[in-house]
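Okay, so here's the structure we're looking at.
Computed from a predicted model, the values in this text were never measured in an experiment. Within every chain, numbering begins at 1; the chains are lettered A, B, ... in the order of the sequence lines, protein sequences first and strands thereafter.
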Number of protein chains: 4
Amino acid sequence: MTGGEKRRQARIEQVLDAAADCFVEFGFHRAGMAKIAERARMSPGHIYHYFENKEAIIAAIVDRESARAAERFAEFDAVDSAQLATVMTERAIESIAQKTDILQSALNMEMLAECQRNPEVAEIIQRHDRYIRDQLAHLIHDKLGLDRAEARTDMMMVQFSGLANRLLRNPDLDLKNIVGLMRQTMLSILSPAPVTKGE
Amino acid sequence: MTGGEKRRQARIEQVLDAAADCFVEFGFHRAGMAKIAERARMSPGHIYHYFENKEAIIAAIVDRESARAAERFAEFDAVDSAQLATVMTERAIESIAQKTDILQSALNMEMLAECQRNPEVAEIIQRHDRYIRDQLAHLIHDKLGLDRAEARTDMMMVQFSGLANRLLRNPDLDLKNIVGLMRQTMLSILSPAPVTKGE
Amino acid sequence: MTGGEKRRQARIEQVLDAAADCFVEFGFHRAGMAKIAERARMSPGHIYHYFENKEAIIAAIVDRESARAAERFAEFDAVDSAQLATVMTERAIESIAQKTDILQSALNMEMLAECQRNPEVAEIIQRHDRYIRDQLAHLIHDKLGLDRAEARTDMMMVQFSGLANRLLRNPDLDLKNIVGLMRQTMLSILSPAPVTKGE
Amino acid sequence: MTGGEKRRQARIEQVLDAAADCFVEFGFHRAGMAKIAERARMSPGHIYHYFENKEAIIAAIVDRESARAAERFAEFDAVDSAQLATVMTERAIESIAQKTDILQSALNMEMLAECQRNPEVAEIIQRHDRYIRDQLAHLIHDKLGLDRAEARTDMMMVQFSGLANRLLRNPDLDLKNIVGLMRQTMLSILSPAPVTKGE
DNA sequence: TATGAATGAGACTTCATTCAT
DNA sequence: AATGAATGAAGTCTCATTCAT
């Protein structure tokens, strides 16, 4: 990467950081380009040298945030099979407790709301999710030797997003009492025990 | 209720229906009052005879949708204890499949996003959630005779919102394979089996 | 006057009272018909049975207020010539002190501002002023036997409106110290002493 | 001042000139931003780069006009004591005759009306008035050696605003005949002759 | 590369007035 | 006589985007 390119990349990150900030604080459609420019210490006009329009910034943010979430899932690769449920529970509870959730609530609800109206955003979110699921399903199938790996994967992920969502609706959520049930739930999902096929 | 009051109520519903429509299609902040008025077959100005401002419409929608969600939970009261997990699973899967989810995705993401910036919206959402939890916790404690009813309640609800959320990120979600795991998960959450207290 | 006419007149007064209230509080152009109707305990639509439009209400208010001001000047007719300056001074100071000034500040500034843009309002104000001046000039000429009665009249009235105006710009105005100078000024204006014709 | 700052200042003046124009013609609340923008040869939106809102423009106009009025009073500083009453009379009559009155009628009535509903406007007007009075009182006390300088000052200013006001109510005002009485009045106000303290 | 002045469409909201009842 | 629902134009203000410098 040339010096010019490096500088360009740094400027882009500056804009994205500012944009993420504003999006969290005001939402996609209330965050003005002027405000973003100000926080990125850049003129409004200049942002258009790096992004075609605001939509492109939103897409870039969605992409970056989704990628970061995926990264956080990558660490589960290294976890001992026997400990997977426990570690995942810990991570889920932890991230909720620190409000740095994988699904960083503020931005995430915004993203999911947008994803229903903006096909590009939907594509980005779904692509990253597919990537995470592929990793996790691989883990579940190959390392844990379980069947129906895709379904188990989705059920595991239900717990993550469900928990984040829950905290918004019940801010008094008692994490201390949840943690045991959450581990039990994850263990159940990862249990080889034959399940009567539903429906 | 007088004729005038009935008419007034009907007009208000007209506005709310139109608003819900627009909010689903465009989101809270992209749905213009002009568009809402048009769909409500009413002049923009006249909407202000029924609602102080757009915020009030948003609040009313959030309230109405949350109340409807609560209603859907009310039916669980009548369910046989032994069947609760199965019935809840069925409802969760069903509502997802029919896209009439308790957490009607489109509007719900919007609501949760808003809830982080608008204290009034947060209060409404949390009030309804508390009401649903009180019902469910009562069921779990009194009819099922389980301890930690609040935590189990929250975990049950994690499944509902988590599943809805999942569908947005993975539109190819294989519901047929999920249903068994979901029932197993709910049964696990409602199982009296002692759980090692977490963390 | 028939019963119907009396009732009609009463309703009109109701509107005017409400309008005067609102005009003082919000100004002509910020006082909405809805607010006026509410204070007049009448529906907005019904006001149009008595007044063609808002302009007509403004005109009626200007007329009524000007007439009341004229009435207040009428009492000077009965005053002993020797006491005229003193009594006028007293009235001027009094009305200022009680904020019920002849030129009831709130409404009066509004009226004078309007009078420069609305010929009908101008005509009303000037007609009443002419009436007051005619009375006063007659007093000055016939009872006090002074020359240049019109000019003296205008100078007397300069004191009234000037004082009201002053209070707006200097709310700390020390009336106690003004009163002496005001009497002296009025005496000077009413003094027969030959004045070198100016300019 | 940099070129940018100079340009900015010029643009602001452009807006103020246009606004003053519109305010005189239509009044504060009838003068639309669109009209002001048009006369300032600027887009409506751009005005908001210089002024936070319309209120701010009104405040700026009130400030500018009041400052100009104050300036006009400053010239009296240089006047020979013996000539003060005569010069002030001349200026009062002159400014009335040229309709460039210190209290430029059109705008001034508007300002005084506003001042009763807008505390910021009131503060501005009263601040400038205090400044003018301080100058004049100093003149009266130090150069003319008179007592009760504040009261005399206020009485002098009663003449200015009273005269402007009078012209609105009596457009046929005979200035030629007023001038003598006005000089006499001002002389009387500035006369050292002991006055029986009133009330 | 960088600025920030400038635009103009469109957002929410108010309000005088009309009209069916 | 009386209501108040209803209209729609106009008001203030915001904001994504462009462009001269």
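Atom P of nucleotide E:dG10 and atom OH of D:Tyr48 are separated by 18 Å, given to the nearest angstrom. Separating the CZ atom of D:Phe28 from the P atom of F:dT12 is a distance of 13 Å, rounded to the nearest angstrom. Rounded to an integer number of Å, the gap from B:Ile36 CD1 to E:dA11 P is 11 Å. Between C:Ile57 atom CD1 and E:dT17 atom C1' the separation is 12 Å, expressed in whole Å. Per the geometry, CD1 belonging to D:Ile47 stands 12 Å off C1' belonging to E:dT7, to the nearest Å. One atom, CZ of A:Arg41, and another, C1' of E:dT1, lie 17 Å apart when rounded to the nearest Å. Rounded to an integer number of Å, the gap from B:Arg11 CZ to F:dA6 P is 4 Å. Regarding D:Lys54, its NZ atom lies at a distance of 15 Å from the C1' atom of E:dT13, rounded to whole Å.
Using a 30° and 60° split on the angle between ring planes, C:His46 and C:His49 fall in the tilted class, from 30° to 60°.
Proximity of D:Arg7 to the phosphate of F:dA20: no side-chain N or O atom is located under 4.0 Å from OP1 or OP2. The phosphate of E:dT14 (OP1 or OP2) has no side-chain N or O of C:Arg30 nearer than 4.0 angstrom. The side chain of D:Tyr50 contributes no N or O atom lying less than 4.0 Å from OP1 or OP2 of E:dA5. Remark: A:Ser43 is not in phosphate contact with E:dG4, judged by side-chain N or O atoms under 4.0 Å from OP1 or OP2.
Pair assignment for F:dG8 gives E:dC15, based on Watson-Crick or G-U wobble hydrogen-bonding distances that are each under 3.5 Å. The base-pairing partner of E:dA9, taking Watson-Crick or G-U wobble contacts with both distances under 3.5 Å, is F:dT14. Across the strands present, E:dA20 finds its partner in F:dT3; the criterion is a Watson-Crick or G-U wobble pair with both atom distances under 3.5 angstrom.
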Exercise. Can D:Glu110 and D:His29 be said to form a side-chain hydrogen bond (donor to acceptor under 3.5 Å, both in side chains), step by step?
Worked result: CA-CA 10 Å; D:Glu110 204 69 35; D:His29 302 303; 5.6 Å; no
Exercise. After noting the C-alpha distance and the side-chain angles of C:Asp17 and C:Arg64, does the key distance pass the salt bridge (Lys or Arg N to Asp or Glu O under 4.0 Å) rule?
Worked result: CA-CA 10 Å; C:Asp17 290 343; C:Arg64 194 176 79 164; 2.9 Å; yes
Exercise. Can you list the steps and then say if C:Phe23 with C:Val62 is a side chain to side chain contact (heavy atoms under 4.5 Å, CB included)?
Worked result: CA-CA 11 Å; C:Phe23 291 162; C:Val62 170; over 6 Å; no
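Between B:Met42 and C:Arg8, the residue anchored closer to the 5' end of DNA chain F is C:Arg8, taking for each the nucleotide with the nearest heavy atom. If D:His46 and B:His49 are placed on DNA chain F by their nearest nucleotide, the residue sitting closer to the 5' end is B:His49. With DNA chain E read from its 5' end, the first of the two nearest nucleotides for C:Glu52 and B:Glu55 is the one closest to B:Glu55.
Contacts of A:Ala31 with the nucleic acid, taken as non-hydrogen atoms under 4.0 Å apart, involve only primed sugar atoms and P, OP1 or OP2. Counting any heavy atom pair closer than 4.0 Å across all strands shown, D:Gly45 reaches a base atom. D:Met33 comes within 4.0 angstrom of sugar-phosphate atoms only, judged by non-hydrogen atoms across all strands, and of no base. Looking at heavy-atom distances under 4.0 Å, B:Ala37 makes no contact with the nucleic acid at all.
Note that CZ of A:Arg127 and CG of A:Asp63 are 5.0 Å apart. Values are rounded to the nearest 0.5 Å. In this structure, the separation between CD on C:Gln126 and SG on C:Cys115 is 5.5 Å, given to the nearest 0.5 Å.
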